[in-house]
Every structure is written in structure tokens, then in C-alpha cells.
Protein chains: 2
Amino acid sequence: MEEKKVHDVAVVGCGPAGLSAAINAAIRKKDIVILGSEFCSPKLHRAPRIDNYLGLPGVSGEELRQAALKHVAQFGLEVRPARVETIIPLDDRFQLLTRTEVYEAKTVILATGVVEVATLPGEEEFLGRGVSYCATCDGPLFSGQPVAVISDLGEGEEEANYLAGIASQVYYIPLYSASYKLNPKVTVLQARPRAIHGLTGVEGLVLADGTKLDVTGVFIIREATNPDRLVPGLDMRGTAIAVDREQRTNIPGLFAAGDCTGRPYQLAKAVGEGQVAALSAVRYLDQLR
Amino acid sequence: MEEKKVHDVAVVGCGPAGLSAAINAAIRKKDIVILGSEFCSPKLHRAPRIDNYLGLPGVSGEELRQAALKHVAQFGLEVRPARVETIIPLDDRFQLLTRTEVYEAKTVILATGVVEVATLPGEEEFLGRGVSYCATCDGPLFSGQPVAVISDLGEGEEEANYLAGIASQVYYIPLYSASYKLNPKVTVLQARPRAIHGLTGVEGLVLADGTKLDVTGVFIIREATNPDRLVPGLDMRGTAIAVDREQRTNIPGLFAAGDCTGRPYQLAKAVGEGQVAALSAVRYLDQLR
């Protein structure tokens, strides 16, 4: 196995805060990996007109999104499409796990945006006791048992296909429209989930029409993951990551910027925080030596 | 005397933080006055190339300064040249005093930039006991006594001329080059001040060449005023104004943004903080009702 490259900075997210962090760390000659979605900031893309980003009056969100990506490209950086599922703080670095890859970095800047996720009744209660966000991680625990996969995005199909080789039965509940590429053993249900039921663990998934699926596992695949699920032990302030004025979290070497640190959910705030987070990460790296 | 207009927001300073605050408060339909120097941000103006303001790679400082001023003008706002000397928090509003005017506002955003002022030995020690930053305020205390005026800028000439009608002797020590417009009673000294001497109060000003001027008052006129001198009772953290993540200072209704809140002294950070300060001021105003 080849030795893992340990980056100086891993930026998780590629909206304005993440890209601002990336260019600021790049100016300081750090080695950076940007892990984001292919589209980066759907919210920015949809903004018809932005009037409060100083120096660029009346710019459209899409113009600014393009300008930001081009700006990053000028530093030789590009966004690597990767949905980070777990970040593990080790002694001298962090491991960032996606479904298929492991990245390593000495510092991490979270710029994951706002998570406005309506959790399903029972989801929090049964997390780790039948509810999971990662088939690759937890799938083997459900060998020979019936499971359901609820997914906001196409990636869930691969999770379902993986589970088809393990579970006795796989229900796939897509919350998006597309043509599905699924193993014939997977049953697609066009339905809305209503609640997860059980006593000490998951015993069933109730759908909006009242149907109850007898499953012992429910896998939920969403675009966004709540930051404290992403990083075990991360301090939150309500739904926002708790940071100080240097954008430091409670975990040394881990910084956060932009909407994920709380209101106001605004472009200039995100860009400014990305810059501060990057410079704090650079200072942290310099002190490691 | 006509009734004073009470603005919603007074922005003190017109660098990137101040102008970002102004446009963000303007979008929320607040009545704003921007009090600044004619040039706003000499530091921005001198920056040959800025590469870390997301979306505008390679912009020159002067281009960005022009773009920012134009941006503000699009909201019908302009910078009023005014050097604020003291800010007095009253029960329901603030009074902002310049040498010749009084402005009033329900909230104040300080965006005064970095103050890198080398204070003169003895200056802090004798402040209020012979040392003053405002002839209009303290001049009458020196009736019939000899005083010196040390000035970084032409404005000091008016201070000296005012003192000429009060003091027994006025030495004027300009730390700039220009043709001076001074009352014939004022003595110009081309010299560098070295220290202020005295026991319980000012007894003399020593110059770099060793000369001692026998004065009981020393007036110091500088472009920048330390923020805690500007606002009595303002909490500082070293030389920076202490603010929380909402850019609030310890004084209700008073916010601060940009370089004056501490490092990093960077454009994006200033613009982001200006935005947050403005939105916090707007929220404060909404709660007043």
C-alpha cells in the first residue's frame, strides 16, 4: 500500500467560505486539498443578484460562483468531488473518510454550509441502534436482515447495491427523481418516510401512507451531514459549530468558517471567516514545526 | 437651534470595513451617516495587487477602493469628511463630536482601522494633567500659560490658532511638510519631540536636540485616535477593540469591525466583519422599537 499523502490543509466544502480559505492558504504556500460537491454552493448559484459584497455591486450569484472557481484555479487548485462522512482527529493529523477514500491532513477547515435537515422522528433516538448514515461502515452489522435506504441523492443507489449483497431484503426510498441504477434484488418504493419505530432498536419504518416496513436497519443518505456527526466531539452552539474569533473549534487544528458557524448566512461574512480560518490554520502549522 | 437629526447608524471610518457596514445597513433601509477621512483607506490605496479577495483576483488596491466608493454611492451614500474626536454614549443614542460638529446616532460602528501610533514618553502619564488631544475641549484650562502643539496634520494649525487667543505662548511643532497658515503669535519649531516631562503635571517638552520648552500644556493632534480614547469605557484587548462574534463591544449599541478589532489586518476579514456589525446594529435597532 502506498504511503498516504498528508496535506497541510483539508478544506471541507467549496462554497464562498471554503474557497476563500483555500486561496488564503495557497498564498501562504500550503499544500491544500479541497473536498466538496461538484456544484459547491447551490445557494450562491441561485442568488439572482447580490448587492452587499463590497466592490462587486449587482453581481449575480452564478457570476460570483464562476469567478470564485476561476480564482481558485489560478492557484492551481481544484475541487475534488468527495462527500466526507467522518473526520477522525489523530495525534498529529486528521483522517477524512469518504465512502471510497481516506484523505489525511494536518489541519482541517470545515466550510460545510448550513445544514437545514429535517430529521426523521426516531432518527436521533435510534442512531447507532439501527439507524446509520454509512452502509460501507455499518452494512455488515445487518447481515441477513431486512433494511431500508432513504436517499436524497443518487449516491444512495451504490449504498443500496452494496447492501443487496449483505441484507436479506433492501427497500430503496429515493427522495429525488432520476432513473435508478439498482441491483435487481433492491425494491424501489416511491414513498415518503414518516417515522422510525422500535423499542430498544429499529423495528420498522412507517411511510406517509401508513404502511410499515419491517426492517431492522435504516440507512439515511443526505447531501449534508450535521457537523457534530461529521466530527465526533465537536462543540456546537445550537446547530452552529462553536468557534472563537480566530475560527478555532474546540479541537486543535480544526477550524470552521461560513454558514456552518452560524448566522448571518451571508457571503461577505463567509469569505471573511474563510480567510481568518486559513490564516489561523497557517499559524497552527507553523507552530507544529 | 434646529433639532439634531438622530441617524440610525453612524459609521466611523470609511475603509473596507466601514463601507461594507454602510452598504449592508443601507440594504436594510437604515438611515446612515459615514464619517471618514477624505481618502478613506490609504493602506488599501497603496496595495499594488490583492490576490486574496474571493472573486476579484489580481485587483489593485486603488481599483478596489474606487469600486467600493462607487458601490456605496449606488445606495445614495457618501463619506462625510469628519474626524471624530470623542463618542459619548447617552441613554438612547450616541453623540459623536468632531472639532466643529456634533452628530447623533442610535448605533455606532467603529471601523477606524489600525492605530499604529508611537506615543511620546510621558504622553500616557500626563494625559488629563497637561496632555490633551483637543484644544477646543481643553484649551480654556491653559489660559495665560505656555503650551505646545504637536501635529501630524494641517488641522493642528487651527488648534494652534485657537490656542493663540488663550495661552501666553504657543509653540507649533508640525510633523508634516506644508506651508502653514498660522496666527503670528504662534511660534513654529521644526523639531522632533522626544519626551514630556513633569512631576504631578506637565512642566516641559524636551525636543530631539535636547532643547526643553517650558510649557504646562502639550496638545497632540494625530490622524488616528486610539479607540479607547475615542470612546470612554470601551473594552480593549491589547490595542484591539474587544468584540464578540456579533462584532458587539462592551457598550450596547456600539459595534466595531475591521482592523480596529485586531489581526489579521486583511481585506476580506474587514469586509465580512463590516457586514456582521451592520446586521447586528440593525437587529439592535429593531429591538429598540
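Letters A, B, ... mirror the listed sequences (proteins, then strands); counts begin at 1. These numbers were taken from a predicted model, which means no experiment stands behind them.
E273(B) is listed as a side-chain neighbour of R245(A), based on a closest heavy-atom distance under 4.5 Å. Counting only heavy atoms from C-beta outward, the side chains of R263(A) and R283(B) never approach each other to under 4.5 Å.
Looking at every heavy atom in both residues, Q275(A) comes nearest to K269(B) through OE1-N, 2.8 Å. Here the closest heavy-atom approach between residue A67(A) and residue G55(B) is recorded as CB-O, 3.7 Å.
We find the CG-CG distance between L54(A) and L267(B) to be 7.5 Å, quoted to the nearest 0.5 Å. The CD1 atom of I23(B) sits 6.0 Å away from atom CG of N52(A), with the distance rounded to the nearest 0.5 Å.
Only the side chain of F75(B) comes within less than 4.5 Å of a heavy atom of chain A; its backbone N, CA, C and O stay farther away. There is no contact between L69(B) and chain A, counting heavy-atom distances below 4.5 Å. Of the two parts of Q266(B), the backbone and the side chain both hold a non-hydrogen atom closer than 4.5 Å to a non-hydrogen atom of chain A. Contacts of L279(A) with chain B are made by side-chain atoms alone, with heavy-atom separations under 4.5 Å and no backbone atom involved. Contact of L56(B) with chain A is made through backbone and side chain together, with heavy-atom distances under 4.5 Å. T261(B) touches chain A through backbone and side chain together, each having a heavy atom under 4.5 Å away. Only the side chain of I27(B) comes within less than 4.5 Å of a heavy atom of chain A; its backbone N, CA, C and O stay farther away. Using a 4.5 Å cut-off between heavy atoms, V59(B) makes no contact with chain A at all.
At most 12 non-hydrogen atoms from other residues, nucleotides or ligands lie less than 6.0 angstrom from CZ of R28(B). The neighbour count for E78(A) CD, taken as heavy atoms of other residues, nucleotides or ligands under 6.0 Å away, does not exceed 12.
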(request) Using the side chain to side chain contact (heavy atoms under 4.5 Å, CB included) rule, take V271(B) and V271(A) through it: C-alpha gap first, then chi angles, then the decisive distance, then the call. (result) CA-CA 9 Å; V271(B) 171; V271(A) 171; over 6 Å; no
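Ranked by heavy-atom pairs under 4.5 Å with chain B, the list L64(A), V243(A), D244(A) is led by V243(A). Counting heavy-atom pairs under 4.5 Å between each of G272(A), S20(A), P57(A) and chain B puts P57(A) at the top.
At a heavy-atom cut-off of under 4.5 Å, chain A is reached by no residue from residues 249-256 of chain B.
In this structure a side-chain-to-backbone donor-acceptor pair under 3.5 Å is present from H71(B) to D51(A).
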